[in-house]
There are 2 protein chains.
Amino acid sequence: MDSIDRALLRALQENSSRSIADLAEIVGASSSSCHRRIKSLEAAGIITGYSALLDPQRLGLKLHAFVEISLESQSRTSMERFEAAVAGFDDILECHLTSGNADYIVRIAAHDLEHFDRIHRGCLSLLPGVSSMRSSFAIRTIKRGKGYPTG
Amino acid sequence: MDSIDRALLRALQENSSRSIADLAEIVGASSSSCHRRIKSLEAAGIITGYSALLDPQRLGLKLHAFVEISLESQSRTSMERFEAAVAGFDDILECHLTSGNADYIVRIAAHDLEHFDRIHRGCLSLLPGVSSMRSSFAIRTIKRGKGYPTG
DNA sequence: AGTGAAATGGACAAATA
DNA sequence: TATTTGTCCATTTCACT
């Protein structure tokens, strides 16, 4: 992992559909070296895959919500039951266990408030062992970076 | 936007480096139709780009934090000043204005607690007009979906 | 279905450390 | 010495028309 690798990762996060020749020019290396570097970054598991980025607005997903969820019990079984239920719901885009007392942060995308209400009642409220939930709606996205900083 | 388009978007979010022939087989359409559909989804701005996915762990970014930030004032100028400052910091991956009284949710990736402390003191605490901040650390990621549901 | 571009993989010499 | 890089090379796959 040198500065050329980092530049490669930056360029590939920003746009992965460039040709290797273009990438080589951007990072200042030869095409073959570039190709080898990408292959080893993939083999090392640093690059985990390639994905198409979609515009949620144009998919009609105009509502983003962050929901903080606390469990009644922090026992291992109740957490496992909760997490298994989360995995089953497609409307839950993301879920993290956070510091504190068995709190989770969940990210939801919905078409509108009515859809969010349906998700809330037909999905979030069905999660087992929940003691409290607090929803924040994203009114406007200030910044949405593509991926991670490479240092 | 029919069911084939939605299947295409699902497949492309999951893995965008498949060949068109493979995609065609997955969604049950001909290669040429598939190709045309992808081009129009791109032209319509539904597909906004393609990106490489990186493993934050292997980049040494083992600490994920969500920081809720409240401003002292909700005036337009103080919000604009805050948002401009946010845009300038690479360590802030994501920032959303959320419902409530000028609260923001910010996402941070750091190498470790010491690095987070550096970000906290050298970046977050420099943001103008902040009245309070609350950090939650992601102990474990339960679920991280690739992109959005397509319906 | 055909064309052209690009990815892939290999061989070898030069450079680097 | 050992590892990495750059310049060819041939093959094949694939996007695009």
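Labels below follow one simple rule: chain letters A, B, ... track the order of the sequence lines, proteins then strands, and each chain is numbered from 1.
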D:dT5 P sits how many Å from A:Arg36 CZ, rounded?
-> 7 Å
Would you tell me if any nitrogen or oxygen in the side chain of A:Arg37 comes within less than 4.0 Å of OP1 or OP2 on D:dT5?
-> yes
To the nearest Å, give me how far apart CD (A:Glu42) and P (C:dA7) are.
-> 12 Å
Could you give the CG-to-C1' distance, from B:Leu23 to D:dC14, as a whole number of Å?
-> 12 Å
Which residue, A:Ser32 or A:Ala21, contacts DNA chain C at a nucleotide closer to its 5' end, judged by nearest heavy atom?
-> A:Ala21
Are A:Lys62 and A:Glu114 close enough for a salt bridge, meaning some N to O gap below 4.0 Å?
-> no
According to the interplanar angle, ranging from 0 to 90°, do the rings of B:His64 and A:Tyr148 count as parallel (below 30°), tilted (30 to 60°) or perpendicular (above 60°)?
-> perpendicular
Whole angstrom value for the distance that separates P of D:dT4 from CE of A:Met1 = 15 Å
Could you tell me whether the phosphate oxygens of D:dA15, OP1 or OP2, come under 4.0 Å of any side-chain nitrogen or oxygen in B:His35?
-> no
What is the distance from NZ of A:Lys39 to C1' of C:dT8, rounded to the nearest Å?
-> 8 Å
So what does B:Ser19 hit on the nucleic acid, given a heavy-atom distance under 4.0 Å: a base, only sugar-phosphate, or nothing?
-> sugar-phosphate
Distance-only, no hydrogens or angles: does the B:Ser40 side chain make a donor-acceptor pair with backbone N or O of B:Arg37 under 3.5 Å?
-> yes
Taking atom C1' of D:dA15 as reference, at what distance in whole Å does atom CZ of B:Arg18 sit?
-> 17 Å
Between A:Ser33 and D:dG6, is there a side-chain N or O to OP1/OP2 distance below 4.0 Å?
-> yes
Between A:Ser33 and A:Ser30, is any side-chain donor less than 3.5 angstrom from a side-chain acceptor?
-> no
For B:Ile20 and D:dA15, give me the distance from atom CD1 to atom P, rounded to whole Å.
-> 4 Å
